[in-house]
Amino acid sequence: MSTRENSLHYADSASEYFASAEGYYGEFGGSFIPEILVPAFEEIKEHFEAIRYDERFWQQYCSFLSNYSGRPTPLTYADRLTEHFGRAQIYIKREDLNHTGAHKLNNALGQAMLAKKMGKTRVIAETGAGQHGVATATAAAKLGLSATIYMGREDMERQYSNVFWMKRLGAEVIGVDYGSKTLKDAINEALRDWVSSFESTHYVLGTASGAHPFPAIVAFFQSIVGIEAKEQIQQAMGRLPDRVYACVGGGSNALGIFQGFFADEGVKLYGVEAGGQGARTGNHAARIAYGEGTPGIAQGYKTIFLQNKDGQMNDTFSLAAGLDYVGVSPILADLAQKGRVQFSAATDEEVIQALEIVMTNEGLIPALESAHAFAGAFKDIEGSTKSDLIIINMSGRGDKDIFNIAEGLKDDEWKAFINRKYNQLT
Ligand SMILES: *Cc1c(COP(=O)(O)O)cnc(C)c1O
């Protein structure tokens, strides 16, 4: 498919889900920002509106991704998984094959290009597990921008290898030492930087959440996933899928693939959240599926948050760091309310089981986040028939998760290996 058709296709299929002028999707979204940042947001809105329908920009973006990050990513027929269940034809969209190992680079590169268009020389970003920080540092190095990444001190301890790579890629990493020392504190610190630096600096938000127009910008750059998947499944099977599954943290990989099918009402869309230790345990990040989240306004936008009655945010929990987030994209909150996207949750235990099935049957190692999409699809497969056609979005690869996967699989040999290494070092 030509890039011209790509961009037209995007505009056509997603336009009914564009935000209102004030940045709302149904009752969710909006922009609740400090007065001082209004000019920064106005500038971004203006430039985003200009590139959104600019065919040349989209072409540059696509060719950059294809030359640098290996796009288009394949749509792999999972013949052994299909045989394993004997219930549905299963295809896997391979976002794990992007440079840096996940869909995140699609957005980081796109926003770095946007930053250059706006004449900025520096980017900043928040990062939780460090994946978005690595993607942003990578994009900044490639495009010659300087980068500062904010990360909670607690998260830096847990994900030190990502801190190491961000620094080697030339980014400055600033640890945040207050609050819970995690993602939400990193967001606050990045915003504090931006208030005094926006003339030279673009804030690269990592997922389809936050104040308008960030959900729209991130969804726009991730739409490439769905555009490709639709074209590929039609080529392979001569028809559209019955169901599409994606995991949902902030919502960017899910919106990426879902956008390819918004206009096709026969295609059912499923978002799978982090069920952690299960409903009503307090240890999960299922904002929608467990019905425990409620509408609220925080972090610059309105969505469904896991919070107490006083609006205090709850602590969330998941084996998958990338899904461990209290809010969710306002676009997905709206699509859930309208019934266009169905939500379910997979527990850590179900995720580990799914991971083992995928590894041994397909030779693929999904990220713990992506394994939620597989687990969600596998739970539904009982009710399927052989002629059903499903696509699972494999948002990233699992090499990064070796510690947590070994823990989840209770692998004693691995533990012994780590202990020996640790003793050698100390
Ligand atoms: C960050 C991440 C996610 C979650 O983020 P979304 O914005 O919900 O896509 C999912 N999968 C992988 C591999 C990630 O790195």
Side-chain angles (χ1 to χ4, degrees), residues 73 92-108 110-111 125-136 138 151 155 159 161-162 165 183 186-187 204-210 214-215 217-226 244-259 269-274 285-289 303 316 318-333 335-336 341 343 345-346 351 355 358 364-376 392-401 404-405:
T73 59
I92 302 171
K93 181 60 173 162
R94 301 289 307 283
E95 290 304 295
D96 59 306
L97 292 177
N98 285 296
H99 177 42
T100 73
H103 67 292
K104 288 209 166 66
L105 193 67
N106 301 333
N107 170 55
Q111 284 202 51
E126 84 296 343
T127 195
Q131 296 298 109
H132 174 56
V134 170
T136 302
T138 300
M151 190 170 186
D155 290 333
Q159 308 283 340
S161 57
N162 283 331
W165 287 126
L183 180 62
I187 293 173
V204 180
L205 201 106
T207 189
S209 300
F214 278 107
I217 292 175
V218 178
F220 174 75
F221 287 122
Q222 294 293 357
S223 69
I224 186 82
V225 180
V244 179
Y245 290 87
C247 65
V248 180
S252 70
N253 86 90
L255 280 167
I257 194 158
F258 291 169
Q259 279 172 95
L269 307 172
Y270 294 85
V272 186
E273 293 176 286
R287 299 127 309 185
I288 298 176
T303 193
T316 52
S318 170
L319 198 55
L323 303 185
D324 199 353
Y325 176 51
V326 288
V328 64
S329 174
I331 309 177
L332 285 172
L335 290 166
V341 177
F343 275 81
V351 164
L355 197 62
V358 179
L364 296 174
I365 306 173
L368 279 166
E369 290 84 4
S370 323
H372 284 70
F374 284 96
I392 299 168
N393 196 30
M394 181 162 161
S395 52
R397 61 171 196 239
D399 318 36
K400 70 179 174 67
D401 294 323
N404 285 341
I405 292 176

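Both counts, for ligands and for their atoms, begin at 1 and track the order of listing.
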### Query
Can any side-chain N or O of Thr127 pair as donor or acceptor with the backbone N or O of Gly133 at less than 3.5 Å?
yes
### Task
Please assess Glu95 against Lys104 for the test salt bridge (charged side-chain N to carboxylate O under 4.0 Å, His left out), listing each intermediate value before the final yes or no.
CA-CA 9 Å; Glu95 290 304 295; Lys104 288 209 166 66; over 6 Å; no
### Message
At less than 4.0 angstrom from any atom of ligand 1, which residues have a non-hydrogen atom? List them by chain and residue number.
### Response
Ala102, His103, Lys104, Gln131, Thr207, Cys247, Val248, Gly249, Gly250, Gly251, Ser252, Asn253, Gly322, Leu323, Ala367, Glu369, Ser395, Gly396
## Note on the structure
Test ring-ring contact (aromatic ring centres under 6.0 Å, His included), reference Tyr270, set Phe374, Phe343, Tyr245, Phe258, output is Tyr245
### Task
Keeping the roles fixed (side chain from Asn253, backbone from Cys247), state whether a donor-acceptor pair exists under 3.5 Å.
yes
### Message
For Ile92, is there any backbone N or O sitting under 3.5 Å from a side-chain donor or acceptor partner on Arg94?
### Response
no
### Query
Counting only N and O atoms by type, is there a donor-acceptor contact under 3.5 Å from the side chain of Gln222 to the main-chain atoms of Asn106?
no
